[in-house]
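What follows is a single structure, written as structure tokens, with notes after it.
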Amino acid sequence: MTLKDVKPGQTVKVAKINGTGAIRRRIMDMGITKGVEIFVRKVAPLGDPVEVTVRGYELSVRKGEAEMVELA
């Protein structure tokens, strides 16, 4: 299961970040790292972007980036 598949209102835990290079670094720089809990606040009508709360701040993540975040 990836972050893209989570429904609004759920809290999930990151198991792994897929991808390589700059895109992986960008996701990690936003605070999404292994073991962190993510609360999914809302998802746009077409699924892009996904609005989440990570480490106490709000963040919008594109669908392509959300697919790279595997959940436990």
>> How close do A66 and T2 get, counting heavy atoms only, and between which atoms?
In response: O-CB, 3.8 Å
> Hey, what do you get for NZ (K4) to CD (E67), rounding to the nearest 0.5 Å?
Replying inline: 4.0 Å
Which pairs of donor and acceptor atoms, one on a side chain in residues 7-21, lie under 3.5 Å apart (sequence neighbours left out)?
{"from": "Q10", "atom 1": "OE1", "to": "K7", "atom 2": "N", "distance (Å)": "2.9"}
{"from": "N18", "atom 1": "ND2", "to": "E70", "atom 2": "OE2", "distance (Å)": "2.7"}

>> If you define the side chain from C-beta out and look only at heavy atoms, does anything of V50 sit under 4.5 Å from V6?
In response: no
>> Determine whether I38 and T53 satisfy the following criterion, side chain to side chain contact (heavy atoms under 4.5 Å, CB included), listing intermediate values before the conclusion.
In response: CA-CA 6 Å; I38 298 176; T53 301; over 6 Å; no
> Applying the 4.5 Å side-chain criterion to the ILVMFWY set and letting contacts propagate, would V69 and F39 be lumped into a single cluster?
Replying inline: no
> Within a strict 4.5 Å, meaning less than it, do heavy atoms of the R55 and T33 side chains meet?
Replying inline: yes
>> Any heavy-atom pair between the side chains of L46 and D48 that's under 4.5 Å?
In response: no
> Do you know which two heavy atoms are closest between E65 and I27, and how far apart they sit?
Replying inline: O-CD1, 3.9 Å
>> Between R41 (side chain only) and E51 (backbone N and O only), is there a donor and an acceptor less than 3.5 Å apart?
In response: no
> What is the distance from atom NZ of K34 to atom CE of M28, rounded to the nearest 0.5 Å?
Replying inline: 11.0 Å
> Going from CG on L71 to CG on D5, what distance comes out if it is rounded to the nearest 0.5 angstrom?
Replying inline: 8.0 Å
> What is the distance from atom CD1 of I32 to atom CD of E37, rounded to the nearest 0.5 Å?
Replying inline: 13.5 Å
> So does R62 have more than 12 non-hydrogen atoms from other groups sitting under 6.0 Å from CZ?
Replying inline: no
